[in-house]
Amino acid sequence: MENVIGLADCNSFYASCERALRPDLAGKPLVVLSNNDTMVVAASPEAKALGIGLGEPLFRVQRIIKTHGGAFFSSNYTLYADLSQRVMEVLKRYVMRMEVYSIDEAFLCLSEFSDLDLPSYASSMREAVREEVGIPLSVGIGGTKTLAKAAVKAAKKSSGGVFDIRGQEEAVLAKLPVEDIWGIGRQYGRLLRRQGVDTALGFMRLPERWVLKHMTVDGFRTQQELKGFPCLSLQEARPPRKELVVSRGFGRVTERAEEIEEALCEYASLAARRLRREELVAREISAFIMTSPFRPGPQYVGIKSARFPERSASTVAFIRAMRSLLSGMYRPGYPYRKAGVILSDLGDCSVIQGNLFVSPAERREQQLLRAVDHLNDKYGTEVVRFGAVGLTQPWRMRREALSPHATTRWEELPQVNAS
DNA sequence: TCTGGGGTCCTAGGACCC
DNA sequence: TCTGGGGTCCTAGGACCC
C-alpha cells in the first residue's frame with residue numbers, strides 16, 4: 001500500500017484560540033505574548049500583515065496593535081490545551097491512526113484512503129474543525145512526514161488550506177528555502193548555505209556521505225524522507241516521558257536568596273503536581289539559577305542535583321531538596337533572572353521499588369498530597385499551598401493581559417447577551 | 001532582531017573493566 | 001610508522017522541534 005501521510009496544523013494556534021472566544025476581534029490584529037509578557041509567541045494573520053513577527057518585544061508592537069483596534073493576550077496554556085484536545089477529537093473521526101505531534105499539529109495516516117480524493121477529504125476535515133472548534137486548520141499531504149511538513153507550508157499559502165505535494169515534489173522543494181525543511185535548523189541551515197545549498201532540492205541532492213558526516217544520522221534521515229523513503233514512523237502512543245521541567249524568568253531580577261528559594265519551591269510544587277497527575281515518580285531532582293545572558297555584567301549559572309532513595313512525587317520531599325540545593329549553589333551579588341527545577345530518571349508510580357529506608361510516615365504523606373491535589377483540582381486554582389512558596393511572591397511573572405479560562409472554569413464562562 | 005518555556009535525540013570523549 | 005584492543009556506561013554539549 002502506498003504510504004501517505006497528512007499533517008494537520010492549526011494556523012497561528014494560540015492567536016486563533018483567543019479569537020475563538022472573542023468573535024468581536026474578527027479581522028483585527030491579535031498577538032499572544034510569552035511568559036512575563038515579554039515578546040510575541042503567536043500572531044494572527046492580520047498582525048503578521050502589519051509586520052509583527054514572532055519574537056518581537058511587546059513594547060515595539062503595543063502601539064501598532066492599539067492603533068489598529070487589535071488586542072494582545074498573555075499566554076493562557078490551560079485554554080490552549082483544552083481547545084487542542086477538541087481539535088484532536090475531531091481529527092480522530094477521520095482517520096484510524098494518528099500521532100498527536102504537538103499542541104497544534106497531528107500526523108495522520110492516510111494510506112488506507114489513498115484511493116479517495118485526499119485533498120477533498122482533507123477539506124471536509126478542515127471544515128469540521130472550523131465549525132466545531134472555531135480554529136482554522138491547514139493540511140499538507142505527502143509520502144513521508146517530512147514531505148507532509150513541506151506540503152503544509154504550501155497549504156498555508158494556498159486559499160483552500162490544503163496541499164498535496166505528491167507528484168510535484170521536486171518543483172515544490174526547489175522553491176523551499178533550505179532552513180525551512182523540518183529537521184534543518186539555524187546551525188545546519190548556515191552550514192548548508194556555506195556549502196552553496198540554498199533549497200530543499202539542493203539538500204536532497206547532496207552526497208549522502210557528506211550529509212552523514214556533517215549532520216549525523218538525523219540529517220541523513222531527513223534527506224531520505226525528502227526523497228520519499230519513510231524513516232520516521234507514526235508514533236501513535238506517546239513514548240514515556242523522560243524528564244519534566246518547570247522553569248520561568250522572574251518578573252524582575254533579584255539578588256535575594258529568600259526570593260529565589262520561594263520561586264524554586266513554587267516550581268518544585270508545580271512539578272510535583274504535574275508528576276502526580278501523570279502518575280509518575282522521579283529518582284532525581286535538579287535546580288538551577290541563572291543571571292540573564294542577554295544583559296551586560298557578570299554572569300553566573302548554578303545547577304545542583306540530588307537523588308532520592310526511592311522514586312518520589314512528594315511536594316514535601318521536593319521542597320526540602322530545593323533548600324539544600326540552593327544553599328549549595330547560591331552566590332550573593334548577582335542579579336538572578338531565571339530559575340528552574342528538573343525532574344529526571346522518571347518511572348511509573350505503580351511499579352515503585354520499595355526501599356527499606358523510607359518511613360511509613362512518608363507513605364502517609366502521599367495520601368495527604370492526593371487530598372491537596374483533589375482540592376486544587378476541584379476549586380480550580382491553588383487554594384491549598386505550601387508556606388515555602390511565599391505569599392506576596394514579588395518574583396512572580398507578569399501576566400497582565402490574561403484571557404479568561406473560558407472553557408475550563410465555570411466562573412469564567414463567556415457571557416452571551418441576546419439583543 | 002533579541003532571545004520563552006518545555007521537550008528529545010545524537011555524538012564525542014572520558015572512566016573503567018577485562 | 002605508531003600501537004593493546006574491545007566493550008560498556010556516563011556526561012556534556014550541540015542540534016533539533018513546537
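In the text below, chain A, chain B and the rest are named by the order of the sequence lines, each starting its count at 1. Just so you know, these numbers use all the heavy atoms, side chains as well, and skip hydrogens, waters and symmetry mates.
To the nearest angstrom, P of B:dT3 lies 14 Å from CG of A:N35. Atom P of nucleotide B:dT3 and atom CZ of A:R248 are separated by 19 Å, given to the nearest angstrom. If you measure from atom OH of A:Y77 to atom P of B:dG6, you get 8 Å, rounded to the nearest angstrom. Taking atom CG of A:D37 as the reference point, atom P of B:dC2 lies 19 Å away to the nearest angstrom. If you measure from atom OH of A:Y14 to atom P of B:dG4, you get 15 Å, rounded to the nearest angstrom. To the nearest angstrom, C1' of B:dG4 lies 14 Å from CG of A:L58. Counting to the nearest Å, the P atom of B:dG5 and the CG atom of A:L33 are 13 Å from each other. Between the P atom of C:dC10 and the CD atom of A:E284 lies a distance of 12 Å, rounded to the nearest Å.
A side-chain hydrogen bond (donor to acceptor under 3.5 Å, both in side chains) check over residues 82-91 of chain A, counting only residues at least two apart or in different chains, returns the pairs A:D82-A:R86, A:D82-A:T407.
With the 3.5 Å cutoff on both pairing distances, Watson-Crick and G-U pairs in DNA chain B assemble into runs of at least 3 at B:5-18 with C:5-18.
Nearest-nucleotide positions on DNA chain B for A:V217 and A:R274 put A:R274 closer to the 5' end. Nearest-nucleotide assignment on DNA chain B puts the 5′-proximal partner with A:R60, out of A:L212 and A:R60.
Here B:dC2 is the nucleotide among B:dC2, B:dG5, B:dG6 with the atom lying nearest to any side-chain atom of A:P57. In this structure, the nucleotide among B:dG4, B:dG7, B:dC10 sitting nearest to the side chain of A:V245 is B:dG7.
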Under a 4.0 Å heavy-atom criterion, the protein footprint on nucleotides 11-18 of chain C, written with B, S and -, is ----SSSS

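At distances below 3.5 Å, not a single donor-acceptor pair connects side-chain atoms of A:S74 with backbone N or O atoms of A:D37. Under the 3.5 Å distance criterion, the side-chain polar atoms of A:R283 are left unmatched by any main-chain donor or acceptor of A:S344. With A:R126 contributing its side chain and A:L137 its backbone, the two residues share a donor-acceptor pair below 3.5 Å.
Contact annotation: A:S247 does not reach the phosphate of B:dG4 (side-chain N/O to OP1 or OP2, under 4.0 Å). Regarding contacts with the backbone of B:dC2, every side-chain N or O of A:R295 stays at 4.0 angstrom or more from both OP1 and OP2. In this model, the phosphate group of B:dC9 is not approached by any side-chain N or O of A:R221 to a distance below 4.0 Å at OP1 or OP2.
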### Task
Dump the intermediate steps for side-chain hydrogen bond (donor to acceptor under 3.5 Å, both in side chains) on A:T38 and A:N36, then the final yes or no.
CA-CA 5 Å; A:T38 336; A:N36 279 320; 5.0 Å; no

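A:Y80 and A:E18 form a side-chain donor-acceptor contact under 3.5 Å, judged by distance and modelled atom types alone. A side-chain donor-acceptor contact under 3.5 Å links A:T315 and A:R276.
The two residues A:R19 and A:K28 make their nearest non-hydrogen contact at NH1-O, 2.8 Å.
Residues passing the ring pair (Phe, Tyr, Trp, His ring centres under 6.0 Å) test with A:Y121, sequence neighbours excluded: A:Y94, A:F113. A search for side-chain hydrogen bond (donor to acceptor under 3.5 Å, both in side chains) contacts involving A:K66 returns nothing, not counting sequence neighbours.
For the side chain to side chain donor-acceptor pair (under 3.5 Å) test with A:E179, the passing option among A:R186, A:R190, A:R193 is A:R193; the others fail.
Scanning residues 233-244 of chain A for heavy-atom distances under 4.0 Å to DNA chain B yields A:R241, A:K242, A:E243, A:L244.
One P atom belongs to C:dG5, the other to C:dT1, and the distance between them is 16 Å to the nearest Å.
Residue ring and nucleobase are stacked for A:F294 and B:dT3, with a centre distance beneath 5.5 angstrom and an angle between planes beneath 30°.
Aromatic ring orientation, A:F308 versus A:F318: parallel (interplanar angle below 30°, classes split at 30° and 60°).
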